[in-house]
Amino acid sequence: MNLYQDIKATAQAYWITLRNMFRKPVTIQYPEQKRVPFERYRARIVLTRDPDGGERCVACYLCSAACPVDCISMQAAEAEDGRRYATWFRINFTRCIFCGMCTEACPTRAIQMTADYEICRRDPLTLVYEKEDLLIDGPGKEPDYNFYRHAGIGVVNPRGQGEEERPPADVRSLLP
Amino acid sequence: MPTLTIDNQTVTVPDGTNVLEAAQQLGIVIPHFCYHEALGAVGSCRLCAMKFEQGPVKGIEMACMVQAQDGMVVSTVDAEAQELRAAVIEWLMLNHPHDCPVCDEGGECQLQDMTIAGGHGIRRYRGKKRTWINQDLGPFIEQEMNRCIQCYRCVRTYRDYCGGDDFGVMGSRNRVFFGRFKEGKLESPFSGNLADVCPTGVFTDKTCRFRSRSWDLQEAASICPHCSLGCSVIPGARYRELQRVRSGINRQTNGFFICDRGRFGYGHVNHPERPRTPKLQGADAAWPEALQLARRRLTDIAAKVGPEAIALLGSPRASLESLALLHDWAKQLGGARFCGDPQPGRDRAARQLTALLGSRARSLEDVRRSDCLLLVGSDPLNEAPLLGLAVRQAARRGARVIVIDPRPVELPCNFQRLSTGPEELPQRLEHLVSTTEPTDDLSTLRTLLHQAERPILCGGGDLLGEVGIRQLAAAADHFGTGLFVTLGGPNSYGAALLSGDGPDADQLCEEMLAGKIRALVCLENDPLADGPQRMARALGKLEFLLILDHAPNRLSRQADVFLPTTTVAEGSGTLVNNEGRMLSFSTVFNPGIPLGISSEGGHPPRSFSPTTAGGEPRPAWAVLAQLRGENQSPEMIRRKLEGRDSRFAGLSLLDPDGEGQRVRGGGHPAGSHDQSFPHPAPEGSLPLLVVEQLFGSEQLASLSPALDAVQPDPQVLLHPETAAARGLKEGDTIALHTELETFSLQLKLNAAMTPGLLLATRLRDTPLELFAPGSPTPCLVGKGGGDA
Ligand code: SF4
Ligand code: SF4
Ligand code: SF4
Ligand code: SF4
Ligand code: FES
């Protein structure tokens with residue numbers, strides 16, 4: 001009774017194999033051949049620069065607070081012109097799980113994820129990236145944004161002369 | 001005691017409580033900015049709106065402005081009230097800059113919290129924002145005026161609570177500005193509190209600017225080690241560096257505020273020259289080796305010469321636990337000499353106080369609530385700043401304040417000064433008590449003290465000394481008042497309780513000079529700086545010197561054995577403040593060379609080691625236990641001390657977040673020993689009085705780089721009349737010849753001080769350091785003269 005079923009199943013299996021023999025294979029010959037991931041793929045992290053070439057990161061510690069595996073650490077400092085920056089900035093890629101929380105937390109668009117997924121080494125210490133290794137020369141995504149143009153603290157433009165600012169208030173004026 | 005209902009919960013509160021406080025008692029948090037427990041309510045931020053549904057008040061009202069009354073039914077979750085709060089917070093945010101990422105308040109910002117709590121999430125305002133030009137307010141406080149929400153907490157703290165007058169609110173309309181009239185350093189010794197009270201990032205701590213986020217800081221309840229009041233503080237450390245200190249809350253002692261010495265004097269913990277390894281005659285050594293050597297030498301001496309040949313010298317900055325171990329060790333050795341304080345004058349004063357304080361003890365809170373305060377030989381702003389602040393609170397409530405002192409004492413309130421020479425203080429007190437002369441300048445004072453309901457006599461241990469404290473206590477008995485006497489260090493009282501009627505450091509020196517004492521153990525003190533003047537000579541006679549300390553110590557290289565200990569922030573323990581209150585502190589972080597120093601500003605090292613660089617210092621109690629060959633924990637030490645000495649009952653149950661507990665029972669005055677004969681003062685000499693100053697005198701704070709900018713220049717003060725009689729004028733460099741040293745100082749004239757007296761500040765690392773604070777030395781004055 002079940003003989004019919006058995007024969008059908010066997011034939012079907014052979015048919016599937018046969019059909020796939022003429023398909024284009026999905027496997028690629030990595031590493032000779034490389035896959036190009038989507039633009040928003042989340043892999044190796046970089047620190048970007050603002051359109052004026054300054055470091056975007058203001059060392060606000062938000063990415064390190066957001067990181068669920070605690071792999072970002074840094075030290076903030078103040079530059080001569082009042083700019084807050086990171087004296088050192090370290091990401092431990094042996095721990096990073098590429099969840100993207102850091103980039104979501106970043107208020108300045110400094111920390112961004114790239115599509116470079118080839119991060120695998122024999123010596124784990126080489127996966128501990130310092131600021132020199134992370135900082136790139138361009139703005140990456142959102143190329144026009146410069147946090148200091150909007151912050152109102154007078155680093156890239158004199159106080160009270162930003163786009164969204166009124167000139168500094170005159171304390172001594174009594175005009176209504 | 002009105003009973004009211006808030007969000008369907010009923011609560012009974014004391015009369016005079018406002019509805020916001022009543023809600024807080026129920027654990028209901030209502031968004032607020034301008035209300036602060038110490039500053040009161042002014043109703044200026046309009047954020048604490050609540051719906052009053054039934055009772056004497058109806059409708060939407062500001063909870064902080066309505067007194068709780070019987071029968072009130074209040075809703076905090078009412079839709080209308082919530083809507084209003086959301087609107088108010090949106091208005092407050094209109095001009096707020098887009099700079100949270102670079103704002104140090106971020107993470108502990110009340111504005112961030114209240115914005116979320118108030119229900120304002122997305123900005124709708126698209127207009128331009130108001131901006132300001134900031135002021136440079138000196139080395140402690142950073143201003144970023146753009147962030148202000150006009151809650152007025154800063155002016156209420158600075159002007160009303162702390163009595164500063166160089167800071168205020170200016171302008172009109174939406175241009176109100178909070179700052180100084182002219183740019184410059186904030187002059188109040190309590191300026192650091194602006195960083196604590198400002199709910200936004202307008203005022204932040206400049207000394208830890210951009211160092212850390214609050215969530216990255218290791219914090220714990222601790223006690224300020226910079227004077228005898230024992231204010232509650234919360235130090236914060238990161239990467240093995242103590243980065244800031246903020247005020248803790250203890251309603252019995254400091255309340256909500258601390259002084260700038262306590263806040264910015266933390267640098268000694270990170271000091272680059274802090275000794276971090278055991279040393280044998282200056283050469284680095286390992287712990288086991290150093291401990292073994294010290295143990296062997298001490299047992300040898302005890303066996304060879306007898307236990308009395310060993311002296312154990314404690315310190316008012318050591319914890320009660322380590323002092324108790326040291327004290328007990330003296331007994332264990334079979335009767336070694338123990339003394340709790342290297343400075344004999346201060347030691348004797350403290351012991352006298354422990355013997356007399358008893359039920360006359362008053363706390364800073366009592367001072368704040370007093371209605372008549374007499375300060376004798378006490379300069380609060382320089383010796384114990386929070387006492388000055390407490391005196392101001394009393395004065396604001398109408399208390400009369402009278403000061404009897406030779407110094408040009410300043411207080412942040414109105415007071416009456418009776419100028420008196422330093423040696424006449426005990427006499428003045430005697431006159432005050434004796435009723436034989438009813439019509440001298442003290443008679444009004446007598447009447448005031450008799451009429452007042454809660455009078456307190458405050459004194460300074462340095463100037464009063466042993467005799468003065470006895471007189472002050474007699475006066476307190478006579479008038480039935482409380483007593484509040486400031487002492488030398490954070491644990492002076494504890495050290496004095498343990499010392500009892502044992503020898504003082506002077507006596508130890510004598511025995512050292514006579515060759516009776518052969519070995520000296522110094523626990524967290526620098527005998528050359530703080531000990532009696534002949535200490536330097538006496539040290540030369542020793543066979544063995546062991547020093548345990550955490551601060552750079554002059555003797556760390558000469559000592560036979562030097563063992564590094566931890567600071568208050570790096571360990572836990574107990575300190576007994578000047579009113580006999582045991583206050584416990586907990587560990588903030590573990591010692592180690594700060595990362596910023598060891599990595600020289602660059603990224604942390606890329607190599608690993610199982611130990612922390614510079615992590616060798618150990619708590620003093622642990623070192624002492626190891627020297628005694630025991631295994632101890634602070635809990636064991638506390639329990640043993642309690643068991644041994646019922647005065648310390650309750651010690652093991654103290655909570656670092658609590659208010660502390662007074663010791664039960666007093667101590668002993670130091671045994672009398674013949675003071676060396678008072679040398680007849682040379683012809684034409686003036687008494688030189690060396691006194692404490694807010695900055696520069698206290699040993700630990702003077703090591704803090706943050707305070708370098710406010711370090712006063714060494715100078716000597718003279719009354720204009722005295723100066724004129726000797727043909728001296730302001731700005732002259734005068735040579736001072738004392739028995740101890742000859743040096744020259746700039747002369748400054750001050751008409752508010754007592755005539756016939758030279759007044760100088762005991763500055764660390766100057767010749768003035770060697771003078772015992774508060775006891776006058778005869779001094780010959782000459783013009784000009786070589787350098788010190
Ligand atoms: S991607 Fe995730 S795990 Fe990796 S650094 Fe960012 S937050 Fe951390
Ligand atoms: S969140 Fe962005 S700006 Fe802030 S520290 Fe991280 S990278 Fe820098
Ligand atoms: S500076 Fe701070 S404390 Fe002062 S009014 Fe503005 S927000 Fe309030
Ligand atoms: S008053 Fe004394 S204990 Fe209080 S913070 Fe100032 S120095 Fe520290
Ligand atoms: S807290 Fe009530 S109005 Fe500000």
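These numbers come from a predicted model, not from an experiment. Letters A, B, ... mirror the listed sequences (proteins, then strands); counts begin at 1.
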Looking at Y61(A) and R238(B), what are the two nearest heavy atoms and their distance?
-> CE2-NH2, 3.2 Å
Show the numbers, then the answer: is there a side-chain contact (heavy atoms from CB on, under 4.5 Å) between Q75(A) and S599(B)?
-> CA-CA 12 Å; Q75(A) 179 59 53; S599(B) 65; over 6 Å; no
Identify the heavy atoms of A77(A) and F210(B) that sit nearest to each other, and give their distance.
-> O-CD1, 3.8 Å
Contact list (residues 130-142 of chain A to chain B, heavy-atom gap under 4.5 Å, by number) returns E130(A), E132(A)
With respect to chain A, which residue among M170(B), R606(B), R130(B) yields the maximal number of heavy-atom pairs within a distance under 4.5 Å?
-> R606(B)
Examine whether an atom of W132(B) lies under 4.5 Å from a heavy atom of chain A, and if so say whether it belongs to the side chain, the backbone or both; otherwise answer neither.
-> both
Residue by residue, which of residues 143-161 of chain A have a heavy atom closer than 4.5 Å to a heavy atom belonging to chain B?
-> Y145(A), F147(A), Y148(A), H150(A), A151(A), G152(A), I153(A), R159(A), G160(A)
Would the number of heavy atoms belonging to other residues, nucleotides or ligands and lying under 6.0 Å from OH of Y30(A) be above 12?
-> yes
So do V171(A) and F178(B) actually touch side chain to side chain, heavy atoms under 4.5 Å?
-> no
Among residues 109-124 of chain B, residues within the sub-4.5 Å heavy-atom range of chain A, in order of number, are none
Derivation of the side-chain contact (heavy atoms from CB on, under 4.5 Å) call for W88(A) and L595(B) | CA-CA 12 Å; W88(A) 55 269; L595(B) 194 59; 4.1 Å; yes
Within a radius of less than 6.0 Å around CD of E32(A), do more than 12 heavy atoms belonging to other residues, nucleotides or ligands occur?
-> yes
Residues Y125(B), E164(A); criterion side-chain contact (heavy atoms from CB on, under 4.5 Å); working and verdict | CA-CA 11 Å; Y125(B) 175 71; E164(A) 301 113 349; over 6 Å; no
Highest number of heavy-atom pairs under 4.5 Å with chain A among V176(B), N95(B), V102(B), D99(B) belongs to V102(B)
Of all the heavy-atom pairs spanning R175(B) and A169(A), show the shortest one and how long it is.
-> CG-CB, 4.0 Å
Please determine, among C103(B), P604(B), G179(B), G106(B), the option with the most heavy-atom pairs under 4.5 Å with chain A.
-> P604(B)
Leading residue by heavy atom contact count with chain A [cutoff under 4.5 Å; candidates S607(B), P101(B), G171(B), S212(B)] | P101(B)
Engaged part of R173(B) at the chain A interface, taking heavy atoms whose separation is under 4.5 Å = side chain
Show me, pair by pair, the donor-acceptor contacts under 3.5 angstrom made by side chains of residues 18-29 of chain A, not counting sequence neighbours?
{"unit_1": "N20(A)", "atom_1": "ND2", "unit_2": "I16(A)", "atom_2": "O", "d": "3.3"}

Take atom CD of E39(A) as the centre, draw a 6.0 Å sphere, and report whether it contains more than 12 heavy atoms from other residues, nucleotides or ligands.
-> no
Sub-4.5 Å side-chain heavy-atom contact between R172(A) and F181(B) | yes
Measure the spacing between OG of S73(A) and CG of D216(B) and express it to the nearest 0.5 Å.
-> 9.5 Å
Euclidean distance, E165(A) CD relative to K129(B) NZ, rounded to 0.5 Å = 8.0 Å
Quick one: closest heavy-atom pair of S173(A) and S172(B), and the distance?
-> O-OG, 3.6 Å
Top residue by heavy-atom pair count (under 4.5 Å) with chain B, among T108(A), L62(A), V128(A), T87(A)?
-> V128(A)
Under 4.5 Å from a heavy atom of chain B, the part of R84(A) involved = both
